[in-house]
**Q** 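Shown below is the structure under consideration.
In what follows, chains are A, B, ... by sequence order, proteins preceding strands, each numbered from 1. Both backbone and side-chain heavy atoms feed into the values below; hydrogens, waters and symmetry mates do not.
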Protein chains: 2
Amino acid sequence: MPQPPLRSAARYGTRPTMKDVAARAGVGLKTVSRVVNGEPGVTPETERRVQEAIDALGFRRNDSARVLRKGRTASIGLVLEDLADPFYGPLSRSVEEVARAHGALLINGSSAEDPEREQELVLALCARRVDGLVVIPAGDDHRYLEPELKAGVATVFVDRPAGHIDADVVLSDNFGGARDGVAHLIAHGHRRIGFIGDMPRIHTAAERLRGYRAAMEDAGIPVADSWMSLGVTGPERVRRAAEEMLSGTDPVTAIFAGNNRVTVTVIRVLAEQTRPVALVGFDDIELADLLQPGVTVVAQDAADIGRTAAERLFRQLDGTLVTPERIELPTRLITRGSGEIPPAD
Amino acid sequence: MPQPPLRSAARYGTRPTMKDVAARAGVGLKTVSRVVNGEPGVTPETERRVQEAIDALGFRRNDSARVLRKGRTASIGLVLEDLADPFYGPLSRSVEEVARAHGALLINGSSAEDPEREQELVLALCARRVDGLVVIPAGDDHRYLEPELKAGVATVFVDRPAGHIDADVVLSDNFGGARDGVAHLIAHGHRRIGFIGDMPRIHTAAERLRGYRAAMEDAGIPVADSWMSLGVTGPERVRRAAEEMLSGTDPVTAIFAGNNRVTVTVIRVLAEQTRPVALVGFDDIELADLLQPGVTVVAQDAADIGRTAAERLFRQLDGTLVTPERIELPTRLITRGSGEIPPAD
DNA sequence: CCCGAGTCTGACAACGTTGTCCAGGCTCTA
DNA sequence: TAGAGCCTGGACAACGTTGTCAGACTCGGG
């Protein structure tokens with residue numbers, strides 16, 4: 001008869017349960033439960049015996065069974081685009097802190113901007129019966145969440161509103177921020193301003209584009225199609241887009257970058273240019289102040305967004321909150337040099 | 001009789017169970033289970049009826065109950081220092097990708113470098129019966145994990161070895177990386193080289209310090225105490241430490257920065273200096289190539305570390321892996337300018 | 001000495017799912 | 001047409017915990 005490897009044997013070795021602890025301590029099952037949960041009504045002597053048995057056996061309460069009985073899991077889910085993105089790290093951390101303050105754990109998943117994967121993740125989290133969900137949506141139809149909402153899963157959307165359902169959403173003033181950033185360039189004398197952004201099906205990208213257009217219109221500047229590059233992702237494509245709008249017959253004198261990744265690539269391209277080109281980016285980036293010139297940005301506070309969303313989530317769980325709302329957080333223009341370069345006409 | 005708020009009412013509203021689905025579809029409980037899990041032995045007609053009932057009721061399987069029955073949770077835990085740190089974001093993401101490939105979800109927690117909080121988090125994860133744990137330890141005694149290991153919780157430590165228990169560990173060659181980085185500075189003519197690092201109770205910090213000392217000793221350079229600044233955390237204290245070793249009677253001509261956060265602060269300090277000072281940092285930082293001068297670093301590949309650890313974890317779960325091992329990944333010296341500045345004596 | 005109140009303890013059901021096992025109806029063959 | 005074998009469906013127990021409830025024991029007062 002073949003022996004399974006040792007580790008594997010241990011793996012399937014069963015863990016001690018309250019029943020085992022009770023047997024060893026010579027008490028009833030419920031008494032163990034009482035000790036484990038710090039409930040009153042246990043003599044110090046009994047408690048000592050139980051505690052001893054717990055330590056000796058290395059018992060740990062099985063929270064799955066507990067959840068099954070109690071209904072609450074004390075965990076919340078966070079679905080975002082990519083945890084490796086420097087914007088989401090701090091956001092995730094601040095959500096975790098709020099969760100921790102409420103005794104909850106955080107499960108996160110990256111959707112990679114894929115609507116199908118978003119749904120898959122969200123439903124997996126629901127199957128685990130998370131108490132609440134913070135979702136940075138990739139898709140634009142969230143009707144699949146209706147049964148969950150009805151069942152009372154607290155839900156807050158972040159960065160982009162939910163599609164076809166009525167839910168809380170916390171986001172930055174993408175429109176206003178972009179408008180201010182572009183207006184800043186206009187105020188410094190630019191008229192031919194380029195815009196490089198993500199796919200307009202992404203809400204933030206669309207809003208920032210709208211802000212760009214509004215600023216240009218406010219200043220009475222007609223926008224040439226060749227100044228706008230939409231839906232470019234990946235460094236190579238962004239690079240090509242930037243190079244195209246910098247050359248040609250009607251080259252731009254300034255660029256507004258639609259997100260942090262675009263900004264980084266554009267910085268690289270501009271470093272290779274001979275003539276100075278102004279730049280304002282959406283999202284702050286680390287070390288932006290140490291570059292030559294410093295990078296002017298429209299900053300949003302990721303940690304603040306995360307905290308606001310998480311707090312709202314737990315207020316839903318309290319029952320304090322009833323009506324879904326849209327909360328828009330302000331952005332901040334940080335001038336560091338690159339946005340104040342005059343046009344080199 | 002007071003009505004609870006609508007949302008709250010929904011919250012405590014019970015979710016449909018397989019029993020409800022079975023009743024609605026007019027079949028037995030187990031038949032529903034079969035359909036949900038794609039098991040064979042159900043007529044297409046019956047399956048259709050069941051599926052209809054599932055959709056109508058918005059049923060989602062309760063994984064807590066499933067786990068209770070099956071033993072496996074298909075989730076793994078990751079405990080790290082701070083998700084907001086740009087080193088851990090990519091690491092976490094790569095662990096998540098491997099988990100996803102194995103159909104598992106990832107729960108993460110930040111220990112904030114606090115041993116007690118680490119233990120608290122790890123035990124909470126074990127109570128949830130995660131199948132495996134990836135731990136970047138804050139503490140140095142992990143005997144509390146013994147019952148878990150015995151029960152078969154797969155465990156891999158990352159970045160620093162476990163204390164007092166025998167477990168897999170995946171880490172960078174901190175000693176060798178630091179030694180090479182410092183030797184690089186020596187090769188460019190420096191003799192008075194400063195070291196700024198984290199508390200030596202942190203394994204990585206101690207190893208990097210050891211690498212610094214080894215490089216200096218190899219070159220026959222005696223090290224002055226005033227050149228070493230250990231256990232400094234927080235930008236202000238790092239700043240003060242850097243300023244001190246740059247002034248005084250025996251100022252350093254080069255600095256080796258022990259981690260990414262120290263590097264960033266030192267860059268700021270150096271930017272304010274009149275004389276040029278060489279710098280090599282441990283960990284790569286974004287945009288390091290665009291600064292003037294570019295920042296020379298000893299880079300470790302966070303994503304690779306995470307992937308290696310996670311893959312090992314799942315091989316433990318397979319039963320493929322039996323004996324704990326120590327896996328050391330190489331670091332890479334990336335020269336960009338700051339490390340090649342000659343001493344300004 | 002007895003009774004009531006209060007304290008401590010344990011038996012039992014229930015949470016929602018899956019594994020086991022058996023029943024009944026069908027098809028196929030002799 | 002009977003018997004064997006297969007296919008489908010369902011009853012039931014079990015997973016480990018917690019809530020309910022009742023029993024046993026202690027103590028103090030009448």
**Q** Is A:D63 touching bases, backbone alone, or none of the nucleic acid, heavy atoms closer than 4.0 Å?
**A**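 The residue A:D63 makes no contact with any strand.
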**Q** For every nucleotide of nucleotides 5-13 of chain C, 5' to 3': is a protein heavy atom under 4.0 Å from its base (B), only from its sugar-phosphate (S), or from neither (-)?
**A** ---SBBB-B
**Q** Round to the nearest Å and state the distance from A:R66 atom CZ to D:dC15 atom C1'.
**A**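 Distance, rounded to whole Å: 17 Å.
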**Q** Figure out the CD/P separation between B:E39 and C:dT17, and round it to whole Å.
**A**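 Taking CD of B:E39 and P of C:dT17, I get 14 Å after rounding.
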**Q** Look at atom CG of A:D140 and say whether more than 12 heavy atoms of other residues, nucleotides or ligands are closer to it than 6.0 Å.
**A**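 Result for CG/A:D140: open.
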**Q** Quick check on D:dC15: is either OP1 or OP2 less than 4.0 Å from any side-chain nitrogen or oxygen of A:N62?
**A**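 A:N62 to D:dC15 OP1/OP2: no side-chain N or O under 4.0 Å.
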**Q** Should A:E311 and A:R307 count as an ion pair when the cut-off is N to O under 4.0 Å?
**A**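 Not counted as a salt bridge, because no side-chain N and carboxylate O are separated by less than 4.0 Å.
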**Q** Please say which of A:Q119, A:H164, A:E118 ends up in a side-chain hydrogen bond (donor to acceptor under 3.5 Å, both in side chains) with A:Y144.
**A**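 Result for side-chain hydrogen bond (donor to acceptor under 3.5 Å, both in side chains) with A:Y144: A:E118.
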**Q** Using whole Å, what does the distance between atom P of nucleotide C:dT17 and atom CZ of B:R60 come to?
**A**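 Value for this atom pair: 13 Å.
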**Q** Under 4.0 Å: is that the gap between some side-chain N or O of B:R61 and OP1 or OP2 of C:dT18?
**A**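 For C:dT18, OP1/OP2 do have a side-chain N/O of B:R61 under 4.0 Å.
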**Q** If every non-hydrogen atom of A:V122 is compared with every non-hydrogen atom of A:L145, which pair is closest and at what distance?
**A**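 Heavy-atom minimum between the residues: CG1-CD2, 3.7 Å.
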**Q** From CZ of A:R129 over to P of C:dC15, roughly how many Å is that when rounded to an integer?
**A**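 For the pair A:R129 CZ and C:dC15 P, the rounded distance is 14 Å.
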**Q** Just verifying a value: how many Å separate B:L106 CG and A:L106 CG, rounded to the nearest 0.5 Å?
**A**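 It is 9.5 Å, given to the nearest 0.5 Å.
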**Q** To the nearest Å, give me how far apart NZ (B:K19) and C1' (C:dA14) are.
**A**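 Distance, rounded to whole Å: 10 Å.
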**Q** Atom CG of B:D20 and atom C1' of C:dC15: how far apart are they, to the nearest Å?
**A**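 The answer, rounded to whole Å, is 13 Å.
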**Q** In this structure, are over 12 heavy atoms from other groups packed under 6.0 Å from B:E45 atom CD?
**A**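 For B:E45, atom CD is crowded (more than 12 foreign heavy atoms under 6.0 Å).
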**Q** Can a donor-acceptor pair be found between the side chains of A:R93 and B:N108 at a distance below 3.5 Å?
**A**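 No, because no side-chain N or O of A:R93 sits under 3.5 Å from a partner of the opposite role on B:N108.
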**Q** Given C:dT17, D:dT18, D:dG16, which nucleotide is nearest the side-chain atoms of A:M18?
**A**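 Among C:dT17, D:dT18, D:dG16, the one nearest the side chain of A:M18 is D:dT18.
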**Q** Taking CG from B:L68 and C1' from C:dT18, how many angstroms apart are they, rounded to a whole number?
**A**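 Distance check: B:L68 CG to C:dT18 C1' gives 10 Å.
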**Q** Distance check needed: C:dG25 P versus B:E45 CD, whole Å only.
**A**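 Rounded to whole Å, this separation is 19 Å.
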